[in-house]
Amino acid sequence: MPWLINKDASIALTKDQVERILKRYDKNGDGKLSKQELKVAFKEMGLRFCGWKVGRAFHHADMDRDGYINKEEMSELVKYASKWGIKTY
């Protein structure tokens, strides 16, 4: 379900809301986000340069370097992704 984003609107989301949104992209239900799942999420959230941003997000949030963002790493992902226009408060 693609998002309809009004580029002029700026509505802040809580970090919990962003986390819940991102968790919906865990298509295989393993409790972790893969790079491909995160790329789809970023693209549907209206972010540009999704492939590059996914790489940077994993560099910052994937602490155990297993190639997935797990529950413990999700808060770091949300904090890092907020730099790209995903407004949080």
Side-chain angles (χ1 to χ4, degrees):
M1 160 178 71
W3 292 38
L4 298 175
I5 297 177
N6 180 346
K7 300 291 183 190
D8 297 326
S10 180
I11 300 171
L13 301 171
T14 66
K15 290 180 180 181
D16 287 338
Q17 288 171 319
V18 173
E19 186 173 330
R20 281 195 309 268
I21 290 167
L22 290 172
K23 284 181 179 180
R24 286 191 278 180
Y25 289 92
D26 176 17
K27 297 301 180 187
N28 62 0
D30 63 357
K32 303 180 279 187
L33 286 175
S34 68
K35 289 182 179 182
Q36 184 59 37
E37 290 168 333
L38 188 58
K39 185 175 181 180
V40 170
F42 282 176
K43 189 171 196 162
E44 290 188 4
M45 294 172 97
L47 296 177
R48 300 179 75 194
F49 309 109
C50 296
W52 181 82
K53 287 179 179 174
V54 166
R56 300 307 304 154
F58 266 77
H59 176 76
H60 287 278
D62 185 14
M63 300 302 177
D64 60 8
R65 301 292 185 236
D66 67 349
Y68 295 93
I69 301 296
N70 60 38
K71 184 178 180 177
E72 292 78 28
E73 297 164 336
M74 185 63 75
S75 62
E76 189 62 32
L77 171 64
V78 170
K79 184 170 73 173
Y80 190 72
S82 68
K83 296 177 182 184
W84 298 320
I86 301 172
K87 304 286 186 201
T88 61
Y89 63 89

Is any NZ, NE, NH1 or NH2 atom of the basic residue among Lys23 and Glu19 found under 4.0 Å from an Asp or Glu carboxylate oxygen of the other?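 Salt bridge: yes.
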
ask   = Below 4.5 Å, heavy atoms only, C-beta onward: do Leu33 and Glu73 meet side chain to side chain?
value = no

Open item on the list: If you define the side chain from C-beta out and look only at heavy atoms, does anything of Ile69 sit under 4.5 Å from Leu22?
Closed with: no

**Asked** Can you pull the salt bridge (Lys or Arg N to Asp or Glu O under 4.0 Å) pairs that have at least one residue in residues 49-72, sequence neighbours excluded?
**Response**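 Checked against salt bridge (Lys or Arg N to Asp or Glu O under 4.0 Å) - neighbours excluded - no pair reaches residues 49-72.
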
Taken to the nearest 0.5 Å, the spacing of Glu76 CD from His60 NE2 works out to 8.5 Å

Let me confirm one number: the NZ-CG distance from Lys39 to Leu47, rounded to the nearest 0.5 Å.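 Lys39 NZ to Leu47 CG: 13.0 Å, rounded to 0.5 Å.
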
(message) On a heavy-atom basis, which atom in Gly31 and which in Asp26 lie closest, and how many Å separate them?
(response)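 Here Gly31 and Asp26 meet closest at N-OD2, 2.7 Å.
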
Residues Cys50 and Phe42: closest non-hydrogen pair is SG-C, 3.7 Å

When you measure from the side chain of Glu37 to the backbone N and O of Ser34, does any donor-acceptor pair fall under 3.5 Å? yes

TODO: Would you please name every residue forming a ring pair (Phe, Tyr, Trp, His ring centres under 6.0 Å) with Tyr68, sequence neighbours left out?
DONE: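 For Tyr68 there are no ring pair (Phe, Tyr, Trp, His ring centres under 6.0 Å) partners, ignoring immediate neighbours.
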
